[in-house]
Amino acid sequence: MSELVVVGVDGSAAGFDAVAWAADDAFRMGAALRAVCVVETWPYQVPQIAALEWENSVAERARASLARAEEIVRERRPTVEVSTRLLVGKPAVALREQAGEAAELVVGRKGVGGFAGAVLGSVSMNVAGQAPGPVVVVRDGDAAAAQDEVAVGIDGSIASEPALAYAFRQAELRGAALRAVHAWPLPFALAPDFSCDIEALRESHLHVAREQLDPWRERHPQVKVIADVQCGHPVRTLAAAGERAALLVVGSHGRTGLEAIVLGSVTRGVLHHAHCTVAVVRAR
């Protein structure tokens with residue numbers, strides 16, 4: 001049975017950008033692609049508009065969006081097996097459920113319900129870090145990104161291993177170099193006479209990065225790996241790496257409840273500030 005890529009469709013331009021990105025990735029992976037549109041039943045009790053009339057109108061629009069998504073896939077990657085699914089429910093919940101049987105879930109950065117000026121849509125924020133597998137948040141117009149690097153954030157912990165696994169596979173499929181970014185903050189003085197050896201600290205962090213990367217280099221000898229160890233804020237450092245990358249991969253601690261909705265500060269910051277497509281990979 002082939003792998004499956006699921007992409008969320010909502011009729012927005014961002015959603016169709018996500019479809020194009022997902023089609024390319026499904027092609028690289030040799031995976032099938034399922035375009036999913038989730039509609040909610042009539043959320044307001046307004047006597048002037050019948051619930052059935054609302055539901056029929058929304059369903060018709062959803063079917064048109066799915067038809068357009070299928071058309072994009074067939075035009076862009078005609079060999080990719082594509083199917084569509086129309087679901088009723090809460091979009092974030094339904095997409096997370098669909099992600100349970102997928103190699104990755106792909107969504108647009110901001111859909112039709114976004115507020116003016118908002119960088120990231122609520123559905124994208126909600127599913128990132130909560131879905132059981134990788135969630136790819138596609139930057140608007142990023143399907144044709146020509147950069148030849150994949151960037152991934154690492155910290156030496158086991159929590160970043162799933163992100164590394166996904167990033168190495170993406171680099172391998174794309175024939176791209178992998179830039180592993182390990183950012184460490186400069187210690188602040190707690191006393192007037194505080195001092196530290198910055199170069200020694202850098203060497204220590206470089207050692208941590210190399211130790212984590214060495215087993216992955218052995219498993220993927222064809223992937224060129226760049227150990228990018230920098231003193232700086234993780235969000236700024238990762239966002240800067242994303243400027244020259246086709247894809248930026250970050251980990252999520254995979255919490256449940258409110259903490260998962262909010263996401264960790266680094267993951268949330270990267271999603272808001274990166275100028276490229278971002279994949280969030282949940283730690284198991």
Side-chain angles (χ1 to χ4, degrees), residues 13-14 17-18 20-29 76 104 106-110 119-120 124 128-129 134-156 160-186 202 205-206 208-210 212-214 216-217 219-252 263-281:
D17 284 340
W21 194 98
D24 289 348
D25 215 39
F27 175 78
R28 284 187 288 265
M29 295 165 62
R76 191 177 185 93
E104 66 186 13
V106 184
V107 293
R109 202 170 190 189
K110 185 174 66 174
V119 176
L120 195 66
S124 303
V135 175
V136 181
V137 181
V138 179
R139 182 180 181 238
D140 299 353
D142 213 26
Q147 289 88 338
D148 58 358
E149 272 190 11
V150 171
V152 59
I154 62 172
D155 60 8
S160 58
E161 291 289 296
L164 267 172
Y166 180 83
F168 264 93
R169 187 184 185 199
Q170 282 285 330
E172 188 173 275
L173 289 170
R174 296 163 180 266
L178 178 67
R179 180 176 297 273
V181 181
H182 178 93
W184 53 282
L186 182 68
R202 183 185 178 281
H205 285 286
L206 185 58
V208 169
R210 285 173 175 164
Q212 185 164 36
L213 290 170
D214 281 348
W216 291 99
R217 291 180 196 264
R219 291 174 214 162
H220 301 269
Q222 68 277 35
V223 175
K224 177 186 175 183
V225 180
I226 304 162
D228 190 347
V229 178
Q230 297 187 42
C231 174
H233 192 283
V235 172
R236 286 195 295 270
T237 306
L238 287 165
E243 291 180 4
R244 55 176 171 263
L247 177 67
L248 174 58
V249 185
V250 292
S252 166
L263 288 174
S265 59
V266 172
T267 306
R268 185 176 66 251
V270 168
L271 282 168
H272 278 288
H273 295 291
H275 294 287
C276 68
T277 292
V278 176
V280 179
V281 184

Do [X] and [Y] have side-chain heavy atoms sitting under 4.5 Å apart?
{"X": "Val225", "Y": "His220", "value": "no"}
{"X": "Val138", "Y": "Arg109", "value": "no"}
{"X": "Leu164", "Y": "Ile154", "value": "yes"}
{"X": "Gln212", "Y": "Ser160", "value": "yes"}

Neighbour count above 12 (heavy atom, 6.0 Å) for Arg210 CZ: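 Counting other residues, nucleotides and ligands, CZ of Arg210 stays at 12 neighbours or fewer.
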Would you compute the distance between atom [atom1] of [X] and atom [atom2] of [Y] and round it to the nearest 0.5 angstrom?
{"X": "Arg174", "Y": "Leu247", "atom1": "CZ", "atom2": "CG", "result": "5.5 Å"}
{"X": "His272", "Y": "Thr267", "atom1": "NE2", "atom2": "OG1", "result": "11.0 Å"}
{"X": "Leu248", "Y": "Cys276", "atom1": "CG", "atom2": "SG", "result": "4.5 Å"}

Residues Gln170, Asp25; criterion side-chain hydrogen bond (donor to acceptor under 3.5 Å, both in side chains); working and verdict: CA-CA 9 Å; Gln170 282 285 330; Asp25 215 39; 2.9 Å; yes
Could you list the donor-acceptor pairs under 3.5 angstrom formed between side-chain atoms of residues 234-246 and any protein atom two or more places apart in sequence or on another chain?
residue: Thr237; atom: OG1; partner: His233; partner atom: O; Å: 2.8

Worked verdict on Arg202 versus Trp184 for side-chain contact (heavy atoms from CB on, under 4.5 Å): CA-CA 8 Å; Arg202 183 185 178 281; Trp184 53 282; 3.7 Å; yes
Stepwise side-chain contact (heavy atoms from CB on, under 4.5 Å) check, Glu104 with Val135: CA-CA 6 Å; Glu104 66 186 13; Val135 175; over 6 Å; no
What heavy-atom pair brings [X] and [Y] nearest, and what distance separates the two atoms?
{"X": "Val208", "Y": "Gly156", "value": "CG1-CA, 3.7 Å"}
{"X": "Ser252", "Y": "Val280", "value": "CB-CG1, 3.7 Å"}
{"X": "Val106", "Y": "Ala18", "value": "CG1-O, 3.6 Å"}
{"X": "Ala167", "Y": "Val152", "value": "CB-CB, 3.6 Å"}

Residue pair Val137, Leu271: steps toward the side-chain contact (heavy atoms from CB on, under 4.5 Å) verdict: CA-CA 8 Å; Val137 181; Leu271 282 168; 3.9 Å; yes
Residue list, side-chain contact (heavy atoms from CB on, under 4.5 Å) with Ala165, at least two apart or on another chain: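 With sequence neighbours excluded, Ala165 shows a side-chain contact (heavy atoms from CB on, under 4.5 Å) to Trp216, given in chain and number order.
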Listed partners of Ala23 passing side-chain contact (heavy atoms from CB on, under 4.5 Å), at least two apart: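 With neighbours one apart ignored, the set is Leu33, Val73, Arg76, Arg77.
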Given Arg28, Gln222, Arg219, the one that forms side-chain hydrogen bond (donor to acceptor under 3.5 Å, both in side chains) with Glu172: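 Testing Glu172 for a side-chain hydrogen bond (donor to acceptor under 3.5 Å, both in side chains) against Arg28, Gln222, Arg219 leaves exactly one candidate, Gln222.
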side-chain contact (heavy atoms from CB on, under 4.5 Å) evaluation trace for Val107 with Val136: CA-CA 6 Å; Val107 293; Val136 181; over 6 Å; no
Whether Thr277 side chain and Arg139 backbone form a donor-acceptor pair below 3.5 Å: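 Checked: pair present.
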